[in-house]
Undergrad: 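Here it is, the structure in full.
Side chains are part of it too, since the values below use all heavy atoms of this structure and drop only hydrogens, waters and symmetry mates. Each chain gets a letter, A, B and so on, in the order its sequence line appears, and its residues count up from 1.
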Protein chains: 2
Amino acid sequence: MEKEKIDKKDHILDVAEKVFSEHGFDGASTRMISGEANVNMAMLNYYFGSKEGLFIAVVERKITSFQDILINLGSTGMSPWDKIEQYIEIYGDKVVNNNCFQKLLYRELGITRRTELSDKLRSILMINVGELTKILDEGVRLGQFSADIDVAMVMATLYGTKNYIINTPLMASTMLGFDVQDDKMMEEKLKPRIKIYMKRLLKAYLMTDNDNTK
Amino acid sequence: MEKEKIDKKDHILDVAEKVFSEHGFDGASTRMISGEANVNMAMLNYYFGSKEGLFIAVVERKITSFQDILINLGSTGMSPWDKIEQYIEIYGDKVVNNNCFQKLLYRELGITRRTELSDKLRSILMINVGELTKILDEGVRLGQFSADIDVAMVMATLYGTKNYIINTPLMASTMLGFDVQDDKMMEEKLKPRIKIYMKRLLKAYLMTDNDNTK
DNA sequence: CTATATCAATCAATCGCTTGATTAATTTTG
DNA sequence: CAAAATTAATCAAGCGATTGATTGATATAG
């Protein structure tokens with residue numbers, strides 16, 4: 001029973017994650033979620049207290065899977081650039097596998113209100129940001145990266161490029177020429193392409209001397 | 001009177017654009033909009049038919065201002081790279097001035113349903129995409145850009161980097177070290193920084209030979 | 001020049017419906 | 001039996017939308 005309870009809660013969270021990511025927090029109704037999960041509507045409140053509680057539970061379940069990805073990366077003996085490549089590898093995989101969560105994460109992060117929730121979401125993402133900053137700064141300090149790189153903007157590019165593809169799949173599919181929402185395509189075509197591209201893009205930017213002729 | 005009528009509709013559209021971008025389509029209520037615009041709720045339906053009609057009106061009002069930005073760019077005698085630089089200049093300005101619209105545009109574009117609306121939004125954006133593709137292809141053809149660039153991904157980077165900053169201002173502000181939502185900061189610091197960064201980033205990627213050692 | 005008719009604009013009131021949440025009763029479990 | 005889990009029924013609140021009445025300006029008619 002204890003096991004079943006957990007499984008049931010987990011099942012609800014799976015469904016909620018999907019519905020939230022498809023319709024947004026406001027667009028998704030508790031009836032939608034309970035209906036799709038085949039549970040009574042009252043169970044959502046019974047387990048999670050409220051709709052917002054359910055949403056937070058969805059988010060918090062993912063935290064751990066994101067927290068410890070990059071912690072160890074900083075302490076290895078790799079060169080800064082190798083760390084970046086490794087980061088892109090890990091990040092590329094994570095993105096594809098959790099794209100539905102990523103979508104919901106960044107959509108709600110854009111909403112102006114909901115400060116309590118936004119703070120929680122932001123703190124999760126900031127872990128990755130901080131780790132990446134350290135790597136980039138180290139690269140500059142060691143003279144392996146160009147001295148005048150814009151660290152903050154590099155991260156905006158890394159996260160932004162991924163978000164653009166994940167969050168506006170209809171645009172991305174038209175541009176790329178295949179359906180980025182299709183799981184098979186995603187795994188076989190999108191994932192490697194993102195990785196190759198991001199590596200080349202960052203390598204060119206980080207390791208090219210930018211003469212300031214202007 | 002005729003003038004006042006137009007101004008009133010325009011005023012409603014201004015308010016609606018702001019409220020929609022802050023709360024999303026579902027999160028914004030017609031009462032919110034009519035209240036903030038100081039008009040009777042029924043006026044929204046009287047003028048625009050429905051909530052969705054109002055939303056579409058907000059979007060369509062912007063179309064023209066986006067359509068003809070880049071049309072002429074393709075037909076000038078400039079080199080592909082100069083066109084790209086010019087594109088970044090124009091795009092950078094547009095972004096800052098219409099960031100609230102951009103936000104609402106991409107948020108709703110991410111929603112899976114709403115096909116009618118998404119199609120309209122997508123068609124607007126595709127105009128820019130097509131123009132930029134032509135420029136990049138031309139650069140490759142003329143041998144000024146590296147032959148193995150990923151055109152689609154370059155565009156995802158261009159649009160995605162901007163979107164990341166605009167759509168997740170709380171993240172971007174933390175990373176950049178100043179409030180990207182502040183109009184003054186936006187104009188004086190963000191705008192030039194985006195332009196400089198994007199030019200360097202694209203220049204490095206487009207004009208660096210990418211050896212495929214792997 | 002009045003008087004009448006027409007029309008877009010505006011309003012308060014209210015419609016039917018959905019929302020998130022709660023209740024009280026029932027079933028399941030240990 | 002007692003506790004936990006589950007259910008159907010119900011709640012007030014808020015939603016988008018519609019209604020019928022009213023306004024004031026303009027056009028028409030006598």
Undergrad: I'd like a list of close polar pairs between nucleotides 19-22 of chain C and the protein, N/O only, cut-off under 3.5 Å.
TA:
from, atom 1, to, atom 2, distance (Å)
C/dT19, OP1, A/Ser29, OG, 3.4
C/dG20, OP1, A/Ala28, O, 3.4
C/dG20, OP1, A/Lys51, NZ, 2.8
C/dG20, OP2, A/Thr30, N, 2.8
C/dG20, OP2, A/Thr30, OG1, 2.9
C/dG20, N7, A/Arg31, NH1, 2.8
C/dG20, O6, A/Arg31, NH2, 2.9
C/dA21, OP2, A/Asn45, OD1, 3.3
C/dA21, OP2, A/Lys51, N, 2.8

Undergrad: Does the side chain of A/Lys8 get closer than 4.0 angstrom to OP1 or OP2 of D/dA5 through an N or O atom?
TA: no
Undergrad: Taking NZ, NE, NH1 and NH2 as the nitrogens, is one of them in B/Arg61 or B/Asp14 under 4.0 Å from a carboxylate oxygen of the other?
TA: yes
Undergrad: Please determine if a side-chain N or O atom of B/Lys9 lies less than 4.0 Å away from the OP1 or OP2 oxygen of C/dA9.
TA: no
Undergrad: Find the distance A/Phe48:CZ to D/dT6:C1' and express it as a whole number of Å.
TA: 15 Å
Undergrad: State, with a plain yes or no, whether a side-chain heavy atom of B/Ile12 is found less than 4.5 Å away from one of B/Leu54.
TA: yes
Undergrad: Could you check how far CG of B/Leu44 sits from P of C/dA12, rounded to whole Å?
TA: 14 Å
Undergrad: State whether B/Tyr46 places a side-chain N or O below 4.0 Å from either non-bridging phosphate oxygen (OP1 or OP2) of C/dC11.
TA: no
Undergrad: For residues B/Tyr205 and A/Tyr197, establish whether the separation of their ring centroids is below 6.0 Å.
TA: yes
Undergrad: Do the charged groups of A/Glu89 and A/Lys199 touch, with an N to O distance under 4.0 Å?
TA: yes
Undergrad: Can you name the ring pair (Phe, Tyr, Trp, His ring centres under 6.0 Å) partners of A/Phe20, sequence neighbours left out?
TA: A/Phe25, A/Phe55
Undergrad: What is the distance, to the nearest angstrom, from the CE atom on B/Met43 to the C1' atom on D/dT18?
TA: 14 Å
Undergrad: When you measure from the centre of the six-membered ring of B/Phe48, is the NZ or CZ of B/Lys9 closer than 6.0 Å and no more than 45° off the axis?
TA: yes
